[in-house]
Number of protein chains: 2
Amino acid sequence: MPDDEGHPNVEEIELGPVLAALADPLRRRVVRELAAEPDGAARTCSSFGLPVSKATVTHHFRALREAGLIRQVDRGNSRMASLRRADIEQRFPGLLGIVAAESEE
Amino acid sequence: MPDDEGHPNVEEIELGPVLAALADPLRRRVVRELAAEPDGAARTCSSFGLPVSKATVTHHFRALREAGLIRQVDRGNSRMASLRRADIEQRFPGLLGIVAAESEE
DNA sequence: TGACAGGTACGACTGATCTCGTACCTGCCG
DNA sequence: CGGCAGGTACGAGATCAGTCGTACCTGTCA
């Protein structure tokens, strides 16, 4: 099963890119908010209210998607992002919990 | 209790710098090798045989030290590095296990 | 149909990061 | 003492990452 539009499949998720993606505070915030929602929840990119331009938002979501942290699917007008919770938990158990436990600053 | 020579104390260890430090494969390798040794084990910087110059080795060990991942103490001629296992485990439980579980490539 | 909102693509700028060479300091040992 | 090995400091080069503006595409909705 090949990659679907830049989404690595589970066994292709590498620790290096994942940690690099999570090194950015804005991306960590996205993951944290998604982790706080019920499993499978999907939100639009713009619903996070990131304090950067649209182009930069796209850039950050691509980083998350290519690292394998989120899945993005087109739904009509927008593109919904959801956390790949089970996949990440399978590859790196506990990692999501560490990110989710970080407090806002 | 102030920082000791660039070593943050436990409550000052932040997730961002830690993840940024671990995003580099060379630094992850150092942490992995230290994690594989008995607790408290100390090794010289050069004993890891990193495939980079001395100056670059110093750079990477500073990144690890300032993130709070290792502790470096002068011992005569050399500077011994040891993993801050308990400190990291207290702040981010499971993180070391994730890094240690990564296989060589 | 036309306007608009959500996203993407591209190019550009800026600052950080990785890398190195060189110079230098400090113990150890012959 | 003199050399050497382990590390650091500094400066430089190259590459990468975060940011933006602009242009553009695509559904939705009045």
Side-chain angles (χ1 to χ4, degrees), chain A residues 3-7 14-34 41-83 105, chain B residues 3-7 14-34 41-83 105:
Chain A
D3 291 4
D4 173 29
E5 297 285 332
H7 294 83
E14 304 278 348
L15 185 54
V18 165
L19 293 180
L22 292 175
D24 185 275
L26 254 47
R27 291 194 289 256
R28 222 155 48 232
R29 170 167 149 190
V30 169
V31 170
R32 205 186 314 128
E33 294 197 20
L34 280 175
R43 290 173 53 178
T44 72
C45 301
S46 59
S47 73
F48 294 89
L50 300 185
V52 288
S53 74
K54 282 199 306 177
T56 305
V57 170
T58 297
H59 164 75
H60 284 304
F61 274 84
R62 171 166 42 207
L64 289 170
R65 166 170 29 93
E66 293 181 347
L69 286 165
I70 65 171
R71 175 163 282 127
Q72 282 183 292
V73 293
D74 281 15
R75 207 180 74 185
N77 202 357
S78 4
R79 177 163 298 195
M80 308 302 285
S82 59
L83 191 60
E105 63 269 0
Chain B
D3 291 1
D4 173 29
E5 298 284 335
H7 293 82
E14 304 277 349
L15 184 55
V18 165
L19 293 180
L22 292 175
D24 186 276
L26 255 47
R27 292 194 288 256
R28 221 154 50 232
R29 170 167 150 188
V30 168
V31 169
R32 206 185 313 128
E33 294 197 21
L34 281 175
R43 290 173 54 177
T44 71
C45 302
S46 58
S47 73
F48 294 89
L50 300 184
V52 288
S53 73
K54 284 199 303 179
T56 305
V57 171
T58 297
H59 164 74
H60 284 304
F61 274 84
R62 170 166 43 209
L64 288 170
R65 166 170 30 94
E66 293 181 347
L69 287 165
I70 65 171
R71 177 163 280 128
Q72 282 182 292
V73 293
D74 281 14
R75 208 180 76 184
N77 201 0
S78 4
R79 176 163 297 194
M80 310 301 285
S82 59
L83 191 61
E105 64 270 359

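In this text the structure is predicted, and so the values were computed from the model without any measurement.
Remark: the backbone N or O of B:Leu83 is not paired with any side-chain donor or acceptor of B:Arg71 at under 3.5 angstrom. When atom types are taken as modelled, the side chain of B:Arg27 and the backbone of B:Ala21 share a donor-acceptor pair closer than 3.5 angstrom.
The side-chain hydrogen bond (donor to acceptor under 3.5 Å, both in side chains) test applied to A:Arg43 returns A:Glu33, A:Glu37, A:Ser47, not counting sequence neighbours. Residues passing the side-chain hydrogen bond (donor to acceptor under 3.5 Å, both in side chains) test with A:Thr44 are A:Ser46, sequence neighbours excluded. Listed by chain and number, the residues in a side-chain hydrogen bond (donor to acceptor under 3.5 Å, both in side chains) with B:Ser82 amount to none (sequence neighbours excluded).
Remark: A:Gly76, A:Asn77 in residues 69-82 of chain A come within less than 4.0 Å of DNA chain D through at least one heavy atom.
Expressed to the nearest 0.5 Å, how far CG of B:Leu34 lies from CZ of B:Phe48 amounts to 4.0 Å. For the atom pair NE2 (B:His60) and CZ (B:Arg29), the distance works out to 10.5 Å, reported to the nearest 0.5 Å. The CG atom of A:Leu69 sits 5.0 Å away from atom CG of A:Leu22, with the distance rounded to the nearest 0.5 Å.
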Dump every N/O contact between nucleotides 18-20 of chain C and the protein below 3.5 Å, one line per pair.
from   : atom 1 : to      : atom 2 : distance (Å)
C:dC18 : OP1    : B:Arg27 : NH2    : 2.9
C:dC18 : OP2    : B:Arg27 : NH1    : 3.3
C:dC18 : OP2    : B:His59 : NE2    : 3.0
C:dT19 : OP2    : B:His60 : NE2    : 2.4
C:dC20 : OP2    : B:Ser53 : N      : 2.8
C:dC20 : OP2    : B:Ser53 : OG     : 3.4
C:dC20 : OP2    : B:Thr56 : OG1    : 3.0

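In terms of heavy-atom proximity, B:Ile70 sits nearest to B:Ala81 at CD1-CB, 4.2 Å. When all heavy atoms of A:Ala67 and A:Val18 are compared, the closest pair comes out as O-CG2, 3.6 Å.
Bounding nucleotides for the chain B contact on DNA chain D, 5' to 3', at a heavy-atom distance below 4.0 Å, are D:dA5 to D:dA9.
Nucleic acid contact for A:Ser46: sugar-phosphate only, since backbone atoms but no base atoms lie under 4.0 Å from a heavy atom of the residue.
The separation between A:Leu19 atom CG and C:dT17 atom P is 16 Å, rounded to whole Å. If you measure from atom CZ of A:Arg43 to atom P of C:dG6, you get 14 Å, rounded to the nearest angstrom. A straight line from CZ of B:Arg62 to C1' of C:dA16 spans 14 Å, rounded to a whole angstrom.
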